[in-house]
Participant: 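The structure follows.
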Amino acid sequence: MRTQVGIIGGGPAGLLLSRLLALQGVDSVVLENRSREYVEGRIRAGILEQHSVDTLVAAGVGDRLRREGLEHSGIHLQWPGTRATLDFPALCGRTVWVYGQTEVVKDLVAAQLAGGPPLLFGVSDVVPEDVDTDSPRIRFTDADGAPQVLGCDVVAGTDGFHGVSRGLVAGGGGQQVFERTYPYAWLGILADAAPSTDELIYAWHPDGFALYSMRSPTVSRLYVQVDPAERIEDWSDERIWDALDTRLALEGWSVNRGPVLEKSILPMRSFVSTPMRRGRLFLAGDAAHIVPPTGAKGLNLAIADVTRLATALVRLLQDKQTDLADAYSDAALARVWRCTHFSWWMTSMLHRSGDEFDARLQLAQLERVCSSEPAARELAENYTGLPVEA
Ligand code: APR
Ligand code: PHB
């Protein structure tokens, strides 16, 4: 087997990269170690920045997103007694869309299987080799158990946080890892209940942070801050709804309850591994960096990375020019660090540490964001997504 770009990992980053390359005449093969059902069933974040929507639409995978996605023009920020609204179009001229990552992945898989480049599910033992040369290869075992070798010009490591690619970049020397583990986790539920709010609500509360999000006009997605040591078995549906009622409370308004379809606890961490390249191996998405979910940047960062990477690889493979490939890691990391700061800042402003001095600072910051136009604009610009060239 031979292709131009061997892509390891069929999450949103790998699938979109394959699609963007195909549209510009570069072939690729996507190797995914899980099954199609597993990849399409994972529940992840659900907010798309303006540039992510534009990218998916331009790539021809935005029809259902435009039909079923919910365009949102702001968020509510709340603390006891106050619910303030930030109006994104007025502040920065952009909006965001509610559309689950699960749906983005289904649309990308469908496009790929309908005449797109090969997408192989259920492969194992994936090992990239010779990435310091101009003709690397990827060894793997296919779904039938047969050993295979995929020769290529470039390897894209889009295999997420637990993939094999980042370790190989580290083996090239000069790797630096930056990490922050937060003393918080999110307990998230997906509920068959119509959201009782027009916009997402980010709530500061003495008991801890809560977030009211949604997936559709009939499905809500809600989160409460918990200690990372909490066990999901100790949180009955009733206990979760009660915590949401308390933390999101506002006079004359209530949370809509309904059957809980899924619940889980998510750890929160920031992680950046540099550089995002070794020779002919390029990293993108969660393979290189992780942000805490506050602000929903993970998927959007992955989309921004592969948009940049696709342009760089087309130039490298078609025009034989190395400039954009050489600039890729630094340029992608500049945006990664901006989003890492924003996610850290949102997390720091909204989560209870248990320290009363911290609490007063957080409330002062929230008041400022909701009363000063420049402060609100700073949040709005970052939340709706800075330009990919930034
Ligand atoms: N070989 C092949 N595939 C692999 C391997 C491997 N050794 N290791 C992991 N994978 C696959 C995973 O099964 C997964 O489908 O790589 C894919 C990586 O996808 P994601 O984890 O979704 O990462 P990415 O595409 O970068 O998307 C980033 O995902 O984690 C969320 O919040 C994050 O929204 C962000 C988005
Ligand atoms: C979600 O809907 O899953 C979501 C929304 C906003 C966030 C994080 C997650 O900041």
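Counting convention: from 1, in listed order, for ligands and their atoms alike.
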Participant: Out of Ser343, Ser213, Gly298, indicate the one that has the non-hydrogen atom closest to atom 5 (C) of ligand 2.
Facilitator: Ser213
Participant: Could you establish whether Ala45 and ligand 1 come within less than 4.0 Å of each other, counting only heavy atoms on the residue side?
Facilitator: no
Participant: Please determine if Arg360 and Glu356 form a salt bridge, counting it only when a charged side-chain N lies under 4.0 Å from a carboxylate O.
Facilitator: no
Participant: Using a 4.0 Å heavy-atom cut-off, say whether Met346 meets ligand 2 through its side chain, its backbone, both or neither.
Facilitator: neither
Participant: Give yes if a backbone or side-chain nitrogen or oxygen of Pro12 is under 3.5 Å from a nitrogen or oxygen of ligand 1, and no if not.
Facilitator: yes
Participant: Side chains of Gln175 and Thr274 only: does a donor on one sit below 3.5 Å from an acceptor on the other?
Facilitator: no
Participant: Please identify which atoms of ligand 2 are closer than 4.0 Å to at least one heavy atom of Ala296.
Facilitator: 6 (C), 7 (C), 8 (C), 10 (O)
Participant: At under 4.0 Å between heavy atoms, which part of Val126 makes contact with ligand 1: side chain, backbone, both or neither?
Facilitator: side chain
Participant: Hey, is ligand 1 close enough to Leu299 that some N/O pair sits below 3.5 Å?
Facilitator: yes
Participant: Considering the heavy atoms of Ile47, write down every atom of ligand 2 situated less than 4.0 Å from one of them.
Facilitator: 5 (C), 6 (C)
Participant: Any idea which atoms of ligand 2 are less than 4.0 Å away from a heavy-atom of Leu200?
Facilitator: 5 (C), 6 (C)
Participant: Could you say whether the N/O atoms of Ala13 and ligand 1 ever approach to under 3.5 Å?
Facilitator: yes
Participant: If you count the atoms of ligand 2 from 1 in the order shown, which ones are under 4.0 Å from a heavy atom of Gly295?
Facilitator: 10 (O)
Participant: Consider every N or O of His162 and every N or O of ligand 1, then say whether any pair is closer than 3.5 Å.
Facilitator: no
Participant: Going by distance only, is there an N or O of Glu32 that falls short of 3.5 Å from an N or O of ligand 1?
Facilitator: yes
Participant: Tell me whether ligand 2 is touched by Trp186 - counting only heavy atoms on the residue side and a distance under 4.0 Å.
Facilitator: yes
